[in-house]
> 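Sharing a structure, written as structure tokens. Questions coming.
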Amino acid sequence: MSDDAVRAAVDKLPAIMKKNLNRELCTCNIVTKMDIIRAIVDGASSLAEVKKETYASMGSGCCAKQIEDLIKQIHNS
């Protein structure tokens, strides 16, 4: 994965989703939003694949909707 690919993915996101990229999106497993974006850029196209790569959403799952939204924005734009 190149930095250019990550930048291109972030550019696809609406402004509200570009905020706090280095903060934890998954607080249960301490996974940042940028780590999740990198997993998506590397090919994760489902919540299950992001879980496998990052362990995000394997705790309470409260971040699952946000992860699914990131996947849609990056892969479907």
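Treat the numbers as computed from the prediction; the structure is a model and nothing was measured. Numbers here are sequence positions counted from 1.
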> Would you find more than 12 non-hydrogen atoms of other residues, nucleotides or ligands less than 6.0 Å from Lys52 atom NZ?
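For Lys52, atom NZ is not crowded (no more than 12 foreign heavy atoms under 6.0 Å).
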> Distance from Cys26 atom SG to Gln66 atom CD, nearest 0.5 Å?
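The CD atom of Gln66 is 10.0 Å from SG of Cys26, to the nearest 0.5 Å.
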> Return the minimal non-hydrogen interatomic distance between Ala56 and Ile36, and the atom names on each side.
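In terms of heavy atoms, the two residues are closest at CB-CD1, 4.0 Å.
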> Report yes if some heavy atom in the side chain of Val50 is under 4.5 Å from a heavy atom in the side chain of Val31; otherwise report no.
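The answer is no, as the side chains (C-beta and beyond) never meet within the 4.5 Å cut-off.
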> Would you name the heavy atoms of Leu21 and Lys18 that are closest together and state the gap between them?
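Residues Leu21 and Lys18, closest heavy atoms: CG-O, 3.2 Å.
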> So, His75 side chain and Ala44 main chain: donor-acceptor pair closer than 3.5 Å or not?
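Judged by distance alone, yes, a pair lies under 3.5 Å.
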> Nearest 0.5 Å, what's the CG-SG distance between Leu47 and Cys63?
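So the CG of Leu47 and the SG of Cys63 are separated by 7.5 Å.
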> Before accepting this row, confirm whether a basic side-chain N of the pair Arg38/Asp42 lies closer than 4.0 Å to the acidic partner's carboxylate O.
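Result for this pair is no, no salt bridge flagged.
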> When you measure from the side chain of Lys12 to the backbone of Gln73, do you find a donor-acceptor pair of N or O atoms at a distance under 3.5 Å?
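No; judged by distance alone, with no hydrogens or angles, the pair does not exist.
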> Is the shortest heavy-atom distance from the side chain of Lys33 to the side chain of Leu70 under 4.5 Å?
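A side-chain contact under 4.5 Å exists here.
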> Please examine the side chains of Val10 and Met34, heavy atoms only from C-beta on, and report whether any two atoms are closer than 4.5 Å.
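In contact.
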> Just verifying a value: how many Å separate Thr54 OG1 and Asp35 CG, rounded to the nearest 0.5 Å?
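Separation between the atoms: 7.5 Å.
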> Might you work through the salt bridge (Lys or Arg N to Asp or Glu O under 4.0 Å) test for Asp69 and Lys65, ending with a clear yes or no?
CA-CA 6 Å; Asp69 288 346; Lys65 175 70 172 121; 2.8 Å; yes
> Looking at CD1 of Ile40 and CD1 of Ile71, how far apart are the two atoms once the value is rounded to the nearest 0.5 Å?
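CD1 of Ile71 is found 5.0 Å from CD1 of Ile40.
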> Between Ile67 and Val41, is there a shared hydrophobic cluster once you connect ILVMFWY residues whose side-chain heavy atoms come closer than 4.5 Å?
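As far as the 4.5 Å side-chain criterion goes, Val41 and Ile67 are connected within one cluster.
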